[in-house]
Chemist: 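Attaching a single structure in structure tokens format; questions to follow.
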Amino acid sequence: MSDNPKPVNFIRQAIDDDIKTGRHQEIVTRFPPEPNGYLHIGHCKAIWLNFGIKDDYRGRCTLRFDDTNPLKESQQFASMIEEDIRWLGYEWTSLAHASDYFDQFYDYAVHLINNALAYVDSQSGDKIRQQRGTLTKPGVNSPYRDRSIEDNLSLFEKMRNGDFEDGEHVLRAKIDMHASNMNLRDPVLYRIRHHTHQRTGDKWCIYPMYDFAHGQGDAIEGVTHSLCTLEFEDHRALYDWFIEHLPVPSRPRQIEFSRLNLNYTVMSKRLLTQLVDLGQVAGWDDPRMPTISGLRRRGYTPESLKNFIASVGITRKPNVIEMGLLEKCIRDDLDLKAPRAMAVLRPLKVVIENYPESENELIDVPNHPQNPEHGRRQLTFSREVFIERSDYEDNPPKGYFRLAPDREVRLRHAYVIRCREVIRDKHGEPIEIRCAYDPETAGGKTRDGRKVKGIIHWVSARHAVSAEVRLYDRLFSVADPLADRKRDYLEALNPDSLACLQGCKLETSLDRADPRIRYQFERIGYFFQDATSRPDALVFNRIVSLRDTWMRKSQHSSN
RNA sequence: UGGGGCGUGGCCAAGUGGUUUAAGGCACCGGAUUCUGAUUCCGGCAUUCGGAGGUUCGAAUCCUCCCGCCCCAGCCA
């Protein structure tokens, strides 16, 4: 268990109230995904809410797959969803499917028919749509609305028996075609779909709609608080109508909250599916995707995701959360957990002219600057090292305290070096820096007490391990890719969201690195081995960069 | 021009008529510490709660009107 304070929000307040008034002794929630895609960080909010309530109130939470539409669903998606929830660290009290209740739902439908509260409509979908009216115009009654109970019963049974083609008939609730709430204008309860269901096979050729399955499923499971997102708000009246008119075993209450939106990405399953299908990303688990599997592959931890949701909170207010908050959460988590290492992503060779050619020096260093429990390791120092290309400037801007002609800099954990000469290629680009080191500067001190402000990371050229490193940036280059309705959101895709760097140089200790460990490559960011990484061909993903106040400052002054 | 919701600093968000002349986090801006320009630390950052009226000794919290934004017209969920 975490030592985080219990979250407070309007839903928990309602639950506290229900307990106080004795309305409920046990709290039951459910997480009800449709198995038609992968979970994203928005689902994480619902998972955190429902499973968090279950844990804190010692209640129950079922994972229920809302599998009422066999056209789009698959067992593979269901399996991925289970994996994601487990990875987040939650356990469901029971696993269920809407399809487990198909027989019961059928009986409920018959019950409605018997009470003259449902009828079989034999019009086309187009016709039904026309008759539904508009937001400002009421609908009109179907000519089949007053069929006899006997006719309805026999027609509905024939629908079930497969006597009709798809679309020939539907079962509708008889409510009110004049209702201002569109959901109450005789909603469709069952449609004919001659399609094999991933679980019930060909047992059924009629399938209940969401509205006719969800609340009843909740009631059957004894769900006390059915938590869903705001777009279902208008469905609540229908939800309650079914609960009221059906002999259900319990009376759940639906409460809505606002969904999570993140800037610089998209969050709808439809759009994410499209990005995958179009090949704009490598798959559902592409590390740039806001999916749980993408974030996992990128290197995000479950704790960071949960902390993120907790800090965002639960309200009914539409919101767009800044990506920066997510990044802050993973940095916080990893700062404590991640052992440090040195890696040079864009190598520039430095030759230390006064260091003996054949000599190697072992330097014992801590794996974490604050926490000794992370242990220690050894670095090898030698005459030739790689430094980051960006740590050398021919014409250093004001405030730059890295390497430059005739300037000094400290090689982290090692010596102070001074730049003596720069060797260039034919374009004038530096390809090698010749330096001299000061042997009196080991151990973080200088003999004469002079301050060397710049500290840069390095890797011994002879001992370095090569690796591929993948750098990720936001998927879209604008905060709200859907803001411009005249433009396709795909045009807002960030062309530089992925940079694959080959030939990066890692310190020796990273040879055959444990793929489960997230490292901080000092001064660069947090890194995690990609799913494709192998011991002899390391591939690291950058989870997130470190805060970089220098870059921010230098960008400011250059603007 | 129907119905349902929502509006507290750049982004979230506490607040449920008086102890709040509005918590906290993120972002941002200073400064200190630091062998990571990281971390940590310290300080700054809404006389005001979409707007205008009103009720009250007292309002972000109650009332009225107005404005803005979101959702709903699938045999999707």
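Just so it is clear: chains get the letters A, B, ... in the order the sequence lines come, proteins before strands, and each one is counted from 1.
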Chemist: Using a heavy-atom cut-off of 4.0 Å across all strands, would you classify A:Arg410 as base, sugar-phosphate, or nothing?
Modeler: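 The answer is base, as A:Arg410 lies within the cut-off (heavy atoms under 4.0 Å) of a base atom.
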Chemist: Touch check for A:Arg547, heavy atoms < 4.0 angstrom, all strands: base, sugar-phosphate only, or nothing?
Modeler: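 Answer is sugar-phosphate: A:Arg547 comes under 4.0 Å of backbone atoms only.
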Chemist: Using the P atoms only, state how far B:rC72 lies from B:rC66, rounded to an integer number of Å.
Modeler: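 Per the computed distance, 25 Å lies between those P atoms.
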Chemist: So what does A:Phe10 hit on the nucleic acid, given a heavy-atom distance under 4.0 Å: a base, only sugar-phosphate, or nothing?
Modeler: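 Contact class for A:Phe10: none.
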Chemist: Any chance the rings of A:Tyr190 and A:Phe212 have centres within less than 6.0 Å?
Modeler: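 So the answer is yes for these two rings.
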Chemist: Within the 4.0 Å heavy-atom criterion, would you say A:Gly454 contacts the bases, only the backbone, or no part of the nucleic acid?
Modeler: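 No contact.
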Chemist: Does the ring centre of A:Tyr106 sit less than 6.0 Å away from the ring centre of A:Phe156?
Modeler: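 Between A:Tyr106 and A:Phe156, which both carry aromatic rings, the centre distance is below 6.0 Å.
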Chemist: If B:rC28 has a Watson-Crick or G-U wobble mate with both distances under 3.5 Å, name it; if not, just say none.
Modeler: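 The base-pairing partner of B:rC28, which may sit in any strand shown, is B:rG44.
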Chemist: Expressed as a whole number of Å, how far does the P atom of B:rA14 sit from that of B:rC57?
Modeler: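 Nearest-Å result for B:rA14 against B:rC57 at atom P: 32 Å.
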Chemist: I want to know whether A:Phe232 and A:Tyr210 have ring centres closer than 6.0 Å.
Modeler: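 Under 6.0 Å, so yes.
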Chemist: Is B:rA14 paired to anything, Watson-Crick or G-U wobble with both distances less than 3.5 Å, and if yes, which nucleotide?
Modeler: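 When the pairing criteria are applied, nothing turns out to pair with B:rA14, so the answer is none.
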Chemist: If you measure from the C1' atom in B:rG25 to the same atom in B:rC45, how many Å do you get, rounded?
Modeler: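 The answer is 14 Å between these two C1' atoms.
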Chemist: Which comes earlier along RNA chain B counting from the 5' end, the contact point of A:Met182 or that of A:Arg402, where each point is its nearest nucleotide?
Modeler: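 Nearest-nucleotide comparison on RNA chain B picks A:Arg402.
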Chemist: Is atom CZ of A:Arg376 surrounded by more than 12 heavy atoms (other residues, nucleotides or ligands) closer than 6.0 Å?
Modeler: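 It does: A:Arg376 CZ has more than 12 such atoms within range.
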Chemist: May I ask you to decide if the ring planes of A:Phe401 and A:Trp550 are parallel, tilted or perpendicular, using 30° and 60° as cut-offs?
Modeler: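 Judged by the thresholds at 30° and 60°, the geometry between A:Phe401 and A:Trp550 is tilted.
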Chemist: Using O4'-C1'-N9-C4 for purines and O4'-C1'-N1-C2 for pyrimidines, with syn meaning within 90° of 0, is B:rG25 syn or anti?
Modeler: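 B:rG25: anti.
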Chemist: Heavy atoms under 4.0 Å, any strand shown: does A:Asp234 hit a base, just sugar-phosphate, or nothing?
Modeler: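 Result for A:Asp234 = base.
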Chemist: Just checking A:Thr136: base, sugar-phosphate only, or nothing, at a heavy-atom cut-off of under 4.0 Å?
Modeler: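 Base: the residue A:Thr136, judged by heavy atoms under 4.0 Å, touches a nucleobase.
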Chemist: What nucleic acid atoms does A:Val170 come within less than 4.0 Å of, heavy atoms only: base, sugar-phosphate, or nothing?
Modeler: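 If one applies the 4.0 Å heavy-atom cut-off, A:Val170 turns out to touch a base.
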Chemist: Under 6.0 Å between ring centres: does that hold for A:Phe381 and A:Tyr415?
Modeler: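 Yes, the ring of A:Phe381 comes within the 6.0 Å limit of the ring of A:Tyr415, centre to centre.
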Chemist: Would you indicate what A:Gly313 reaches in the nucleic acid, counting non-hydrogen atoms under 4.0 angstrom: base, sugar-phosphate, or nothing?
Modeler: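 Answer is nothing: A:Gly313 stays at 4.0 Å or more from every strand.
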Chemist: Looking at every strand, decide which applies to A:Glu256 at a 4.0 Å heavy-atom threshold: base, sugar-phosphate, or nothing.
Modeler: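 Nothing: the residue A:Glu256, judged by heavy atoms under 4.0 Å, touches no strand.
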Chemist: Using the P atom as the point on both nucleotides, what is the distance between B:rC49 and B:rA60, in whole Å?
Modeler: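 B:rA60 and B:rC49 have their P atoms separated by 7 Å.
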Chemist: Compare every heavy atom of A:Lys269 with every heavy atom of A:Gly37, then report the nearest pair and how far apart it is.
Modeler: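 Smallest heavy-atom distance, with atoms named: CA-CD, 4.0 Å.
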Chemist: For B:rA22, what is the paired nucleotide under Watson-Crick or G-U wobble rules, both distances under 3.5 Å?
Modeler: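 WC or wobble partner does not exist here.
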Chemist: NA contact type, A:Arg259, heavy-atom cut-off 4.0 Å: base, sugar-phosphate, or nothing?
Modeler: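 If one applies the 4.0 Å heavy-atom cut-off, A:Arg259 turns out to touch nothing in the nucleic acid.
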Chemist: Taking the same atom, C1', in B:rA46 and in B:rG9, what whole-Å distance lies between them?
Modeler: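 Comparing C1' positions in B:rA46 and B:rG9 gives a spacing of 5 Å.
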Chemist: Could you tell me how far B:rG53 sits from B:rG43 if I compare only their P atoms? Round to whole Å.
Modeler: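 Straight-line distance between the two P atoms is 39 Å.
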Chemist: What are the bounds, 5' to 3', of the part of RNA chain B that sits under 4.0 Å from heavy atoms of chain A?
Modeler: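 Span of nucleotides near chain A: B:rG2 to B:rA77.
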Chemist: When we call it a touch if two heavy atoms are under 4.0 Å apart, what does A:Glu34 touch: a base, just sugar-phosphate, or nothing?
Modeler: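 The answer is sugar-phosphate, as A:Glu34 gets under 4.0 Å only of primed atoms, P, OP1 or OP2.
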Chemist: Go nucleotide by nucleotide along RNA chain B from the 5' end; which of A:Val8 and A:His368 gets its closest nucleotide reached first?
Modeler: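 Here A:Val8 is the residue nearer the 5' end.
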Chemist: With rounding to the closest Å, how many angstrom separate the P atoms on B:rU34 and B:rG15?
Modeler: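 The same atom, P, in both gives a distance of 42 Å.
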Chemist: Mind checking if A:Gly139 touches a base, just sugar-phosphate, or nothing, with heavy atoms under 4.0 Å?
Modeler: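 It contacts nothing in the nucleic acid.
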Chemist: Going by purine N1 to pyrimidine N3 plus the second Watson-Crick contact, or the G-U wobble pair, all under 3.5 Å, which nucleotide sits opposite B:rC69?
Modeler: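 Paired with B:rC69, as far as the under-3.5 Å criterion goes, is B:rG5.
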Chemist: So what does A:Met551 hit on the nucleic acid, given a heavy-atom distance under 4.0 Å: a base, only sugar-phosphate, or nothing?
Modeler: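 Touches nothing.
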Chemist: Using a cut-off of 4.0 Å on non-hydrogen atoms, how would the nucleic acid contact of A:Gln370 be classed: base, sugar-phosphate, or nothing?
Modeler: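 Here A:Gln370 touches the bases of the nucleic acid.
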Chemist: Out of the candidates A:Glu34, A:Glu221, A:Glu82, only one should pair with A:Arg64 under the salt bridge (Lys or Arg N to Asp or Glu O under 4.0 Å) rule; please name it.
Modeler: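 With A:Arg64 as partner, A:Glu34, A:Glu221, A:Glu82 yield a single salt bridge (Lys or Arg N to Asp or Glu O under 4.0 Å), made by A:Glu221.
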Chemist: How far does the C1' atom of B:rG30 sit from the matching atom of B:rU56, given to the nearest Å?
Modeler: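 The answer is 44 Å between these two C1' atoms.
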Chemist: Using a 6.0 Å cut-off, check whether atom CZ of A:Arg346 has over 12 heavy atoms from anything other than its own residue.
Modeler: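 12 or below, so no.
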